[in-house]
Structure formats: C-alpha cells, structure tokens
Visitor: 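Got a structure for you, written out below as structure tokens; questions coming shortly.
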Amino acid sequence: MPELPEVETLARGLQRTIAGRRIVSVTLGKTDFIDNPSALEEFLPGLSIERVERFGKFMLLRLGGEASGNGTAHSVSAASLLVHLGMTGHMAPQPAAEPFSKHTHARFLLDDGCELRYTDPRRFGRMAYLAGEKLLAELGRFGVDPLEVSELEFGALLKSHKSRIKALLLDQSALRGVGNIYADESLWRAKIHPKRIAATISQGVSRKLRKALQDILREAIALRGSSISDFLDAQGQPGEYQRRHRAYGREAKPCYRCKTPIRRVIVAGRSSYFCPKCQPAPKSVKHKLKRRKPVTSRRKPASQ
DNA sequence: CTCGATCCCTGGACGC
DNA sequence: TGCGTCCAGGGATCGA
C-alpha cells in the first residue's frame, strides 16, 4: 500500500531514470481509473518528463516541451501527469521490447527505447493529465505535507478538529500522504490511542506526535518504504521498513515496549493496531466499558 | 462537522 | 487440485 515513503521512493527512482525523456506515444488498456483518458493520448506525445515529484500520495510527472499543436508555452509548462498508486499501483520503466505483465493499463513509450508502464491489478489508483488552473485547483484540495508542517501548524490542526486523531491523520485534505501504516506507527510511538479526539490532545503530546510522525516517515524513506502488498521501487527492489513496524499488522503480538498484546480495532473504517497499555483509551471510550450495572430497565424493548 | 456504511476491484488466505 | 468465501484498503459518495 503505497503511502508517503513508498511514493517518495518510487518518485526518486523515476526522477533518476526517466527525467528528461520525451514521451513518444501512449497506449492505454483499461481506463476506468483515468480521469480523462483521451487527454493523455492527445497531449502527452511529444512532451518531455522534466522531473518527477511526490505530492502527498501522488506522483507528479512535470511535463514540458512543445505541445502537440496549439498549446502555448505557458500552459504546457504547467502541465503534469498525476499518478496515484491506490493500493496496488506500480510504475516503472522497462525495455519496450519486453513483454508487459497482466494488469498493465498504461504504457508510455519514451525516446530512449524504454516504456514507462503503469500496472495496477485492483485499479484503486488514479491517473490524470492536468494543466494550469485545473492542476492548481486539484493540488489545492490537499492539506500540508507532514514532513513540512511546522510545530505550530500541527498543533493548530489538531486543535481545530473534533474528529478522532486516527481519522485526522488519514484525512488527505488535512495532511497529505499519511496512510494506515504510518498513522498507526506514529500513534504507537507517541503513545496516543487512535480514538483520542484530536482537539483534546495537549500541546506537549501534539509535539511528540509530530516528531514521531516525521521521524518515522524519514526512517521509512531511508529504508525505501514498507513492502507489504508487494510494493517495489522503480528498480524493482522491495523496501525494508516493514521489519520496523511496531504496531501495524501485529495483532496479538507483544508490544515492543511493554509486552502487552497489540490489539486491533476499526477506526475511521480502517484496521487500527495499538497497545492497550501504552496507548490508553480516552475517557469517552472507557465509559462504554465501565457501565457497572446494566440498568435493569434497560432490557430489550418488548417489541416484536 | 463528523460519522458509519457502501461501493469500487482482484489476489491471497483459508476451509473443506 | 479446486472451489467458494472472506478480507484487505484509499477514496468517493451519501444519508444520518
């Protein structure tokens, strides 16, 4: 599941291998994950990939060069191909002569004889050619990059949301790039229960969470991400960070700090792994368990 | 504003 | 070996 570190890894790999290449032609397979498939076929041929960046969980292929026909230099310079890998997306250059694998839905022939190929069995990903105002508007929907957010900004973000902290971390319009794995890992390191209401988190704990989040993302990038659902970088190498997971995917296994079995609950519709001892439940959650005596009048209504 | 439910999709795990 | 069933999950959408 490509999140920020995996997308960063892939973007860096592509920057090294395909930046500067010109797109010769575009061949599409299934297109239900592409915003406007014909725009890709119409505008991409002839443009060059100037650089590859990460934006949240998106890869941004910045395009340049002459548009096919009437585009002005200005509109072309702001054009980009936006690529979201969803759950199972992958993108890598391969020799054009090599056969492509089963779920390859987009192929971009480059001027060096390689083909940039997008593969995605589940097609939870997304691809869009956007330029000018439309590109700006699209990018504007997303929140701040977690690696760039200041302590002050992060604190204000928490204070202004009454949602659960896990839901907030996953909210791409608040913070762009954090997914289920790194949300759980950060909450574990900062010792915060996933159901804590963001606005109730103290300044001190907020600082701790921001540091945990940033440290973990940097560590994960250094190890080329987590390879869980067969994530591979642009060179086909798996990441190593899955070996460092302390919470994610560790249900019933002992907490690395206190040996208490890790638990799994659903928060924000996602599996959330946490240590019930290190990450104590907020009062609002404990309450439901407390309820000493089920009030006698509370028996099932005699409706039937 | 925030929530849960539902849908999209396919491969892998599991049970028989 | 093969089949059916369940599940994973990012994001959009909708009703509560």
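Only heavy atoms go into these numbers, but all of them, side chains included; no hydrogens, no water, no symmetry mates. In what follows, chains are A, B, ... by sequence order, proteins preceding strands, each numbered from 1.
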Visitor: Starting at atom CD of A:Glu251, determine the distance to atom P of C:dA8, rounded to an integer number of angstrom.
Guide: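 Taking atom P of C:dA8 as the reference, CD of A:Glu251 is at 10 Å.
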Visitor: If you apply the rule side-chain hydrogen bond (donor to acceptor under 3.5 Å, both in side chains), what do you find for A:Ser186 with A:Asp184, and how did you get there?
Guide: CA-CA 5 Å; A:Ser186 310; A:Asp184 279 4; over 6 Å; no
Visitor: In whole angstrom, what separates A:Ile266's CD1 from C:dC7's C1'?
Guide: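 Result: 11 Å.
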Visitor: Would you say A:Ser271 places a side-chain N or O within less than 4.0 Å of OP1 or OP2 belonging to C:dG9?
Guide: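 Indeed, a polar side-chain atom of A:Ser271 lies that close.
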Visitor: Test the A:Arg176-A:Phe55 pair against the cation-pi criterion, namely NZ or CZ under 6.0 angstrom from the six-membered ring centroid and within 45° of the ring axis.
Guide: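 Ring-cation test returns yes.
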Visitor: Of A:Asp32 and A:Gly269, whose closest DNA chain B nucleotide lies nearer the 5' terminus?
Guide: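 Mapping each residue to its closest nucleotide by heavy atoms, the 5'-most match is A:Gly269.
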Visitor: Please report the distance, rounded to the nearest Å, between CD1 in A:Ile181 and P in C:dG9.
Guide: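 The answer, rounded to whole Å, is 9 Å.
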Visitor: Quick check on C:dG9: is either OP1 or OP2 less than 4.0 Å from any side-chain nitrogen or oxygen of A:Tyr248?
Guide: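 For A:Tyr248, the contact criterion (side-chain N or O under 4.0 Å from OP1 or OP2 of C:dG9) is met.
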Visitor: Output the single nucleotide from B:dT2, B:dT10, B:dC3 whose closest atom is nearest the side chain of A:Arg164.
Guide: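 For the A:Arg164 side chain, the nearest candidate turns out to be B:dC3.
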Visitor: Between B:dT2, B:dG11, C:dG10, which nucleotide gets closest to the side-chain atoms of A:Lys102?
Guide: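 Between B:dT2, B:dG11, C:dG10, the one nearest the side chain of A:Lys102 would be B:dG11.
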Visitor: Treating primed atoms plus P, OP1 and OP2 as sugar-phosphate and everything else as base, which nucleotides of nucleotides 11-16 of chain C get B, S or - for protein heavy atoms under 4.0 Å?
Guide: BS----
Visitor: Taking CG from A:Asp120 and C1' from C:dG10, how many angstroms apart are they, rounded to a whole number?
Guide: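 Whole-Å distance recorded here is 11 Å.
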Visitor: A:Trp188 ring centre to A:Arg250 NZ or CZ under 6.0 Å, with the angle to the axis within 45°?
Guide: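 Pair A:Arg250/A:Trp188 does not count as cation-pi.
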Visitor: B:dC8 P sits how many Å from A:Asp35 CG, rounded?
Guide: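 It is 19 Å, rounded to the nearest whole Å.
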Visitor: So A:Arg176, base contact, sugar-phosphate only, or nothing? Heavy-atom distance under 4.0 Å.
Guide: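 No contact.
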Visitor: In whole angstrom, give the distance that lies between atom NE2 of A:His90 and atom P of B:dC9.
Guide: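 It works out to 23 Å between those atoms.
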Visitor: Just how far, in rounded Å, is P of B:dC1 from NZ of A:Lys159?
Guide: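 Going from A:Lys159 (NZ) to B:dC1 (P), I get 19 Å.
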Visitor: If I take atom CD1 in residue A:Ile197 and atom P in nucleotide B:dC1, what distance separates them, rounded to the nearest angstrom?
Guide: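 Rounded to the whole Å, the gap is 16 Å.
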Visitor: Quick one: which of B:dG11, C:dG10, B:dT2 gets closest to the side chain of A:His103?
Guide: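 Nearest nucleotide to the side chain: B:dG11.
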Visitor: Between A:Tyr129 and A:Phe43, how do the two ring planes meet: parallel, tilted or perpendicular, split at 30° and 60°?
Guide: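 Because their plane-to-plane angle is under 30°, the rings of A:Tyr129 and A:Phe43 count as parallel.
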Visitor: Is the NZ or CZ atom of A:Arg246 both under 6.0 Å from the centre of the six-membered ring of A:Tyr256 and within 45° of that ring's axis?
Guide: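 Yes, a cation-pi geometry holds between A:Arg246 and A:Tyr256.
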Visitor: Report yes or no: do A:Glu6 and A:Tyr182 form a side-chain donor-acceptor pair below 3.5 Å?
Guide: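 There is such a pair between these side chains.
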Visitor: Aromatic ring centroids of A:Phe108 and A:Tyr118 under 6.0 Å?
Guide: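 Judged by ring-centre distance (under 6.0 Å), A:Phe108 and A:Tyr118 do not meet the cut-off.
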